[in-house]
Amino acid sequence: MRRTADSPEAGPPVSPWWQDAVFYQVYVRSFADSDGDGVGDLEGIRSRLGYLELLGVDALWLTPFFRSPMADHGYDVADPRDVDPLFGDLAAFDRLVADTHNHGMKITIDLVPNHTSDQHPWFQEALRAGPGSRERERYHFRDGLGPDGSTPPNNWTSVFGGPAWTRVRDGQWYLHLFAPQQPDLHWEHPDVRADLVQTLRFWLDRGVDGFRIDVAHGMAKPPGLPDMDPRAVTIMAGSNAPDFVDLRFDNDEVHDIHRLIRKVLDDYPGTMAVGEIWVDQEERFAAYVRPDELHLGFNFKLVEAEFDADSVRRAIDRSLAAVESTGSPATWTLSNHDVVRHVTRYGGGELGTRRARAMALVELALPGTTYIYNGEELGLPNVDLPDWALQDPTWERSGHTQRGRDGCRVPLPWEGEIPSYGFSRAGAAWLPMPPQWGALTVEKQLEDPESMLSLYRHALEIRKTAQGFGGDELEWYGAPPGCFAFRRKGGGLICALNTSAASVPLPPGEILLSSGPMDGNQLPPETSVWLV
Ligand code: GLC
């Protein structure tokens with residue numbers, strides 16, 4: 001069903017649904033497998049919508065399920081307007097959209113505009129057509145340097161390791177900021193822009209509520225593709241080295257593309273876009289969420305913060321400052337499919353879990369939009385996978401020096417005592433699941449009021465129903481070293497975190513929820529609390 005600008009909506013303007021929504025990121029391969037091939041799929045997600053409703057999230061973000069040879073697990077798209085048979089088909093997608101809406105949740109999907117798959121018809125045509133052809137103009141093909149052209153056209157490296165250029169048979173090179181199977185599109189080309197508009201409308205007409213824009217700080221490249229200072233690196237889970245400019249990303253022309261996206265979305269009231277924006281400087285970040293660009297920008301400052309009150313507070317202040325003058329709410333993320341899961345980042349084991357519980361309450365107390373990565377609500381740790389199991393292109397591209405992101409992508413344990421814990425009818429999931437995960441299944445955790453899952457459910461319920469969460473400003477209280485406390489200015493909720501080694505007095509108020517047992521009326525180490 002197509003929603004249009006003229007569908008009447010009664011009453012005064014209300015704040016948009018995403019303003020303080022809790023999104024749940026479904027890494028499609030790893031959520032639930034309905035057909036027994038060991039890989040998650042759309043029907044699998046549909047079969048678990050009841051769980052997501054029970055958890056209490058407002059919206060889903062699905063990682064790519066489009067036609068793809070899966071060189072980067074779907075972020076290499078061969079047809080952006082079809083479902084890969086591995087995940088289902090368009091009819092399954094339509095059923096999923098309808099059922100998600102019936103469960104009272106919104107559904108948003110990934111959009112991958114920076115590059116295509118090397119199997120995309122455009123790239124195949126470009127290879128066939130040869131140097132100097134119009135077909136090559138949709139990508140960045142160049143002659144190499146040196147007498148025989150055997151040196152790449154510039155010194156850029158790929159985010160996954162190695163040069164950002166690959167040479168084709170006729171001697172030309174093409175640019176890929178990620179894997180060689182992900183050639184970068186040339187965004188000056190009108191076909192590229194027109195195709196994106198078509199893709200947006202295709203999915204909007206099928207009823208999606210929005211998009212997550214992959215590498216939203218990519219796409220535009222500087223004229224002439226000059227060499228860059230190799231010390232400037234923007235990598236996933238890293239930040240800009242402040243003194244050097246990474247010419248591969250965050251070029252000003254990218255904002256035209258976001259304005260184009262926004263124009264299409266404005267034809268579909270109630271829809272939104274969130275950009276994946278690995279841009280560290282606040283004012284550069286803010287530009288992406290100007291009123292005529294994206295509705296939301298992922299910032300990764302909480303992902304980058306240590307479990308330390310000062311570090312977390314700085315991340316919060318900087319995130320709020322980045323959107324302060326934009327009218328766009330802040331977004332909060334502790335983990336996603338590209339970074340080490342936070343239970344592990346915080347030290348792993350019981351300690352990591354305790355800290356992850358504390359940070360869950362901090363994150364969910366903050367004003368703005370929150371993204372929960374699937375499995376985070378179960379407290380899943382990163383998995384140390386054996387070499388043979390690794391599939392992330394980073395592993396090969398880095399010459400086996402970086403293990404890549406598979407460890408945070410291990411499928412979810414649903415029930416039972418042995419792998420694949422109800423994830424798949426097949427015994428084996430696409431990544432091996434640890435033998436200890438019987439203790440972490442949804443089934444187990446639903447029964448246990450002290451589980452991570454129960455904490456998330458409880459927190460999400462309070463967040464939905466309690467008064468304290470209004471307004472988008474914070475005020476900080478004075479707090480002992482290693483601790484902080486803030487109050488939501490509009491609603492009055494207080495959140496206190498203790499990352500020090502000793503129990504500390506609580507701010508005044510009535511306790512709504514704590515991440516762990518209290519020490520009398522003191523807040524113990526590695527614990528957070530909500531008060532009103
Ligand atoms: C984004 C995705 C990541 C993918 C990359 C290339 O950073 O989150 O998973 O590998 O883009 O598309």
Side-chain angles (χ1 to χ4, degrees), residues 21-34 38-65 73-75 87 96 99-100 103 105-110 212 214 274 276 298 302-303 331-345 353 356-357 359-360 363-364 369-383 392 405-415 419-424 429-431 433-434 437 440-446 451-457 459-460:
V22 175
F23 284 77
Y24 185 90
Q25 180 190 353
V26 179
Y27 191 70
V28 178
R29 292 181 76 84
S30 300
F31 188 69
D33 170 24
S34 72
V39 177
D41 49 43
L42 299 181
E43 277 296 317
I45 302 170
R46 198 163 75 90
S47 73
R48 299 290 186 181
L49 288 172
Y51 166 72
L52 295 171
E53 190 181 356
L54 192 74
L55 173 61
V57 298
D58 304 303
L60 311 184
W61 151 31
L62 268 51
T63 56
F65 50 82
H73 292 333
Y75 283 98
F87 300 128
L96 177 60
D99 274 16
T100 306
H103 280 269
M105 295 178 288
K106 307 280 186 187
I107 180 162
T108 69
I109 64 173
D110 234 300
R212 175 266 190 187
D214 189 58
V274 57
E276 178 200 28
F298 271 120
L302 269 193
V303 170
T331 65
W332 308 104
T333 309
L334 292 172
S335 282
N336 63 36
H337 65 294
D338 292 327
V339 301
V340 172
R341 282 189 178 274
H342 58 273
V343 164
T344 304
R345 290 203 316 269
T353 301
R357 293 175 66 95
M359 283 304 294
E363 183 186 38
L364 291 169
T369 308
T370 302
Y371 279 82
I372 295 174
Y373 174 49
N374 60 196
E376 158 179 348
E377 80 282 15
L378 303 177
L380 298 186
N382 231 65
V383 179
D392 185 347
R405 302 159 292 174
D406 296 310
C408 68
R409 298 174 174 179
V410 173
L412 261 59
W414 292 94
E415 63 230 354
S420 62
Y421 308 105
F423 164 73
S424 170
W430 70 280
L431 288 172
M433 300 173 70
W437 277 17
L440 293 175
T441 60
V442 169
E443 181 184 43
K444 281 257 165 61
Q445 297 204 36
L446 279 175
S451 68
M452 186 72 90
L453 179 55
S454 296
L455 179 74
Y456 269 83
R457 284 182 65 194
L460 290 174

Next item on the list: Give the C-alpha distance, both sets of side-chain angles, the deciding distance and a yes or no for ring-ring contact (aromatic ring centres under 6.0 Å, His included) between F65 and H73.
Entry: CA-CA 9 Å; F65 50 82; H73 292 333; over 10 Å; no
Indicate yes or no for a side-chain donor-acceptor contact from [X] to the backbone of [Y] under 3.5 Å, with no hydrogens or angles considered.
{"X": "T441", "Y": "P413", "answer": "no"}
{"X": "N374", "Y": "F31", "answer": "no"}
{"X": "S34", "Y": "E43", "answer": "no"}
{"X": "R29", "Y": "V39", "answer": "no"}
{"X": "Q445", "Y": "L378", "answer": "yes"}
{"X": "R345", "Y": "L334", "answer": "yes"}
{"X": "D406", "Y": "D392", "answer": "yes"}
{"X": "Y373", "Y": "C408", "answer": "yes"}

Spacing of [atom1] belonging to [X] relative to [atom2] belonging to [Y], to within rounding of 0.5 Å:
{"X": "R341", "Y": "R405", "atom1": "CZ", "atom2": "CZ", "value": "14.0 Å"}
{"X": "H342", "Y": "T344", "atom1": "NE2", "atom2": "OG1", "value": "9.5 Å"}
{"X": "L54", "Y": "L49", "atom1": "CG", "atom2": "CG", "value": "12.5 Å"}
{"X": "Y27", "Y": "L62", "atom1": "OH", "atom2": "CG", "value": "12.5 Å"}
{"X": "S47", "Y": "L96", "atom1": "OG", "atom2": "CG", "value": "10.0 Å"}

Do [X] and [Y] have side chains that approach each other closer than 4.5 Å (heavy atoms only, starting at C-beta)?
{"X": "L460", "Y": "V22", "answer": "yes"}
{"X": "T370", "Y": "T331", "answer": "no"}
{"X": "I372", "Y": "F23", "answer": "no"}
{"X": "M433", "Y": "Y421", "answer": "yes"}
{"X": "L60", "Y": "K106", "answer": "no"}
{"X": "E376", "Y": "Y456", "answer": "yes"}
{"X": "D41", "Y": "I45", "answer": "no"}
{"X": "L440", "Y": "P381", "answer": "yes"}

Note to self: One pair to check against side chain to side chain contact (heavy atoms under 4.5 Å, CB included): V410 and L380. What are the steps and the verdict?
What the structure shows: CA-CA 9 Å; V410 173; L380 298 186; over 6 Å; no
Next item on the list: Test F298 against W332 for side chain to side chain contact (heavy atoms under 4.5 Å, CB included), laying out the working first.
Entry: CA-CA 7 Å; F298 271 120; W332 308 104; over 6 Å; no
Might you point out which heavy atoms bring [X] and [Y] nearest each other, and give the distance in Å?
{"X": "R46", "Y": "D99", "result": "NH1-OD2, 2.8 Å"}
{"X": "V303", "Y": "T333", "result": "CG2-O, 3.3 Å"}
{"X": "S335", "Y": "V340", "result": "OG-O, 4.1 Å"}
{"X": "L302", "Y": "E363", "result": "CD1-CG, 4.3 Å"}
{"X": "M105", "Y": "V57", "result": "CG-O, 3.6 Å"}
{"X": "E276", "Y": "D338", "result": "OE2-OD2, 3.8 Å"}

Check: With sequence neighbours left out, what residues match E377 under side-chain hydrogen bond (donor to acceptor under 3.5 Å, both in side chains)?
Finding: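 Per chain and number, E377 pairs via side-chain hydrogen bond (donor to acceptor under 3.5 Å, both in side chains) with Y24, Y51.
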Next item on the list: Give a yes or no on whether the ring-centroid distance for W437 and F423 is below 6.0 angstrom.
Entry: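 Not close enough - the centres of the two rings lie 6.0 Å or further apart.
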Next item on the list: Walk me through it: do V442 and E415 pass the test side chain to side chain contact (heavy atoms under 4.5 Å, CB included)?
Entry: CA-CA 6 Å; V442 169; E415 63 230 354; over 6 Å; no
Next item on the list: Sequence neighbours left out, what pairs pass side chain to side chain donor-acceptor pair (under 3.5 Å) with at least one residue falling in residues 54-63?
Entry: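 Those involving residues 54-63 are W61-D110.
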Next item on the list: Walk me through it: do R48 and E53 pass the test side chain to side chain contact (heavy atoms under 4.5 Å, CB included)?
Entry: CA-CA 9 Å; R48 299 290 186 181; E53 190 181 356; over 6 Å; no
Next item on the list: Could you go through the side chain to side chain donor-acceptor pair (under 3.5 Å) check for S424 and D33 one step at a time?
Entry: CA-CA 5 Å; S424 170; D33 170 24; 2.6 Å; yes
